[in-house]
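What follows is a set of notes on a single structure, which appears directly below.
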Amino acid sequence: MAGGKLTPRQKMVNLMYLVFIAMMALNMSKEVLSAFGLMNEKFEESNKGATENNNGLYQALSAKAADAPDQYGKALELATKIKTQSADFYAYIESLKNDITKGIEKEDGKLPFEQMDKGDKIDEAWFSGDGYSAKGKEVVAKIEGYRNAMIALLKGDKKYAGTVKELENKFNTDKVKAKDGAMKDYLDYNYKGFPAIASLTKLSAMQNDVKSIEASIYSSALGKAAVEAASMKNYTALVVLDKNAYFEGEKVTGKVVLGRYDENTKPTSFQGPGKIENGQATLNFSAAGVGEHDINGKFVFTEDGKPVPLDFKGSYVVVPRPNSATISADKMNSVYRGVTNPMTISFAGVSDNNVTASAPGLVKGSRPGQYNWVVTSVPGDDVVVTVTAKLPDGSSATDKRKFVIRDIPAPTPSLRGKINSAKGNKDDLASSTVGVVFQGFVFDINTTVKSFEISVPGSPRLLVQGNKFDGAARAAIARAKRGDIITVGNIKVSVDGAGNYRVPDSGNFVWEVQ
C-alpha cells in the first residue's frame, strides 16, 4: 500500500492509515483483555460465595447426620469424600493461577489486565514441541484424576446421573476439533498461545464448575426439605376442629394452625394409635361406640443430641350416618387389570334405583348394588368411584372412594399337573401341554399360551409357538440324557377377554430327565 509508483504525499497518507488501523486493533485488544479480566473477577467473586454456600450445605448435612445417622450417615460419608476431592482439585487449579500471575504487580489491588497479553508462561511450562511437557501432562492427569474419582463416588446412584454427565462433559480432556478441521490436544486447543488473562479466566471458570458440582451433590444429599428447612413454603395451613363430627345446627369450633410435613424428620419414638410414615403419624384404629372420644399420644424427636418430646391431643365423634355410601370391591381392597372386578355399591337409607355410581369401565350388574368393573385400559395407579344418591327430601348426597389399580401377578409355569419342577422320562415331557397358574390369586383367570422357550443341554435355546412342543423341540428333548435338566420358561400368555393386556412373563419350569 505504501510502495509502488505513488507520490510521496500518497505514501504518507497510506502509512498514516496503516498506523490508524494498528491503533484501532491495539485498542480493541485492550478492550478484550479488560473484558477477560472483569470476567475473571466475576468468577472469583462467585467462587468465594459458592465456597461459603457449600460450607453451609455441608454443615447442614453434618447436623442432619448427627440427629439421624441412619438416614443421613451414608450421605455425609459421600459428601465428605466429595468435599476432599473438590478442595484438593480447587487448590491445584489455584496453584496454576498463581504460576500465571507470579511476578505481575497489582495496581490498586487489581491485576493489570491490559498488560497480560502474553501467554509465554503457560506455553513454556505446559508444552514441549508439538506435545505436552511434564507439567502439561501433570495438568491433564490432575483434571482426569478429579473427574474419574468423582464419577467413581457417584456412579450407581440414579439421583446423581445428571451430575455424572456434567463431570464427563465439563472435564473432558479428549482431543478437540479446531475450526480448520484439525484435531488438537485439549491443552493446545484451550490454552496454547492465549493471553495470560484469558487462561487465568478459564481456570477460574473451571474452579466455578468444581464448586457448582459440589453444591449440586450436597443439595441432592440433603434433599429439598433440609436445604429449605426455614422456608415458609414448607408449611401448610391446617384446619384443626375441636371434634371431627357435628350434628346439623351445631356450632363448629376449632383453629387454623401452621404445620409442616417433613419426610426427612423422623421421630425417635412415637406413642399413639398409629405408626410413623414419611415424618408423620398415620392413624389406624377401630372407632369406638357412638359419642365423643379422645386421641392422645406423644412424639419424641432428637434435636442437637437431646430428646424433645411433643405431646398431641385430638378428638373424634362417632355418630350414625344414614347418608354414607358403601363402595367395596368384592374380592379385596384393590382392583386388577385384565379381569372383571365384581363390586358392591349402595347408599345407606337410599333405594338402589336412586343410586348412581360412575367410574371409568364401571358397569351396573343385574342385581341391586351389583357392579362389574374392568380397569384394564384405565391409566395410572389409582381410580376413583363417585356415588351420588337422591335423598327422600329431594336433595342429593355424593361420596367417593379411591382404589389402587394393580396388575395381575406373574404366573407360575405348569406341566402335567406340576408347578415349577418335575421329574420324568423324555416322552412324557415331549407330549406335555405347557400352561400357567396364578397361585394364591383370588380371581379365576382363563389364559392362552402364546409361546414359550425351551433349553435342553447340548442344544440351542428354542422358541416354541403355542402351548405344545413342536418338532424341533421334541427332537432336542429326544437327545437329552438321564440326569439332564431341561428348562421351560419365558411363557407368554394372554388373558381371555382382556384384549391386548400383557401379563408378566412366567418363571422357569425345570424337568429332570430320568
Side-chain angles (χ1 to χ4, degrees), residues 156 158 329-342 361 363 372-381 383 404-514:
K158 291 183 179 179
D330 290 354
K331 291 290 184 181
M332 56 186 65
N333 237 353
S334 303
V335 287
Y336 287 81
R337 291 186 172 93
V339 297
T340 299
N341 299 268
V363 178
N372 294 315
W373 200 2
V374 177
V375 296
T376 303
S377 59
V378 177
D381 298 323
V383 64
V404 175
I405 302 178
R406 302 183 187 277
D407 288 316
I408 294 174
T412 302
S414 171
L415 276 81
R416 303 184 73 86
K418 303 289 186 179
I419 58 174
N420 291 323
S421 64
K423 298 180 180 180
N425 61 51
K426 298 182 290 185
D427 292 338
D428 287 343
L429 174 61
S431 62
S432 298
T433 299
V434 177
V436 296
V437 295
F438 294 82
Q439 287 183 294
F441 194 45
V442 295
F443 290 87
D444 294 326
I445 302 177
N446 295 322
T447 61
T448 298
V449 174
K450 297 293 187 180
S451 66
F452 62 92
E453 294 179 355
I454 179 172
S455 179
V456 181
S459 299
R461 191 175 186 85
L462 299 173
L463 174 64
V464 181
Q465 302 297 328
N467 62 353
K468 294 281 191 180
F469 296 99
D470 58 17
R474 289 195 299 272
I477 294 172
R479 290 192 294 270
K481 301 175 183 178
R482 179 184 294 272
D484 281 352
I485 300 298
I486 299 175
T487 302
V488 177
N490 197 21
I491 304 173
K492 299 184 183 298
V493 302
S494 63
V495 176
D496 296 350
N500 295 325
Y501 175 72
R502 189 184 184 284
V503 179
D505 296 342
S506 74
N508 292 332
F509 187 99
V510 176
W511 183 282
E512 182 179 347
V513 179
Q514 293 187 326

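Computed from a predicted structure; not experimentally measured.
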Query raised in the report: Can you pull the ring-ring contact (aromatic ring centres under 6.0 Å, His included) pairs that have at least one residue in residues 417-436, sequence neighbours excluded?
Result: none
Report task. Could I get the full list of side-chain contact (heavy atoms from CB on, under 4.5 Å) partners for Val378, not counting sequence neighbours? Result -> Pro360, Val375, Val383, Ile405
**Report entry** Ser459: partners by side-chain hydrogen bond (donor to acceptor under 3.5 Å, both in side chains), with sequence neighbours left out
**Finding:** Arg479
Query raised in the report: With Ala480, which residues qualify under side-chain contact (heavy atoms from CB on, under 4.5 Å), at least two apart?
Result: Lys426, Val456, Asp484, Ile486, Val513
Query - side-chain hydrogen bond (donor to acceptor under 3.5 Å, both in side chains) partners for Thr412, two or more places apart - result: Gln439
Report summary line: Applying salt bridge (Lys or Arg N to Asp or Glu O under 4.0 Å) to Arg474 and not counting sequence neighbours gives none
Report task. May I have all residue pairs that pass salt bridge (charged side-chain N to carboxylate O under 4.0 Å, His left out) and include part of residues 453-473, sequence neighbours excluded? Result -> Glu453-Arg461
Report task. Apply side-chain contact (heavy atoms from CB on, under 4.5 Å) to Val363 and list each qualifying residue two or more places apart in sequence or on a separate chain. Result -> none
**Report entry** With sequence neighbours excluded, residues passing side-chain hydrogen bond (donor to acceptor under 3.5 Å, both in side chains) with Asn425
**Finding:** Asp428
Report task. Could you pull out all residues at least two apart from Phe469 that satisfy ring-ring contact (aromatic ring centres under 6.0 Å, His included)? Result -> Phe452
Query raised in the report: Restricting to pairs with a member in residues 489-511, which pass salt bridge (charged side-chain N to carboxylate O under 4.0 Å, His left out), not counting sequence neighbours?
Result: Lys492-Asp505, Arg502-Asp505
Query - Residues which pass ring-ring contact (aromatic ring centres under 6.0 Å, His included) with Trp373, listed by chain and number, not counting sequence neighbours - result: Phe403
Report task. Compare all side-chain heavy atoms of Trp511 with those of Lys418 and state whether any distance is below 4.5 angstrom. Result -> no
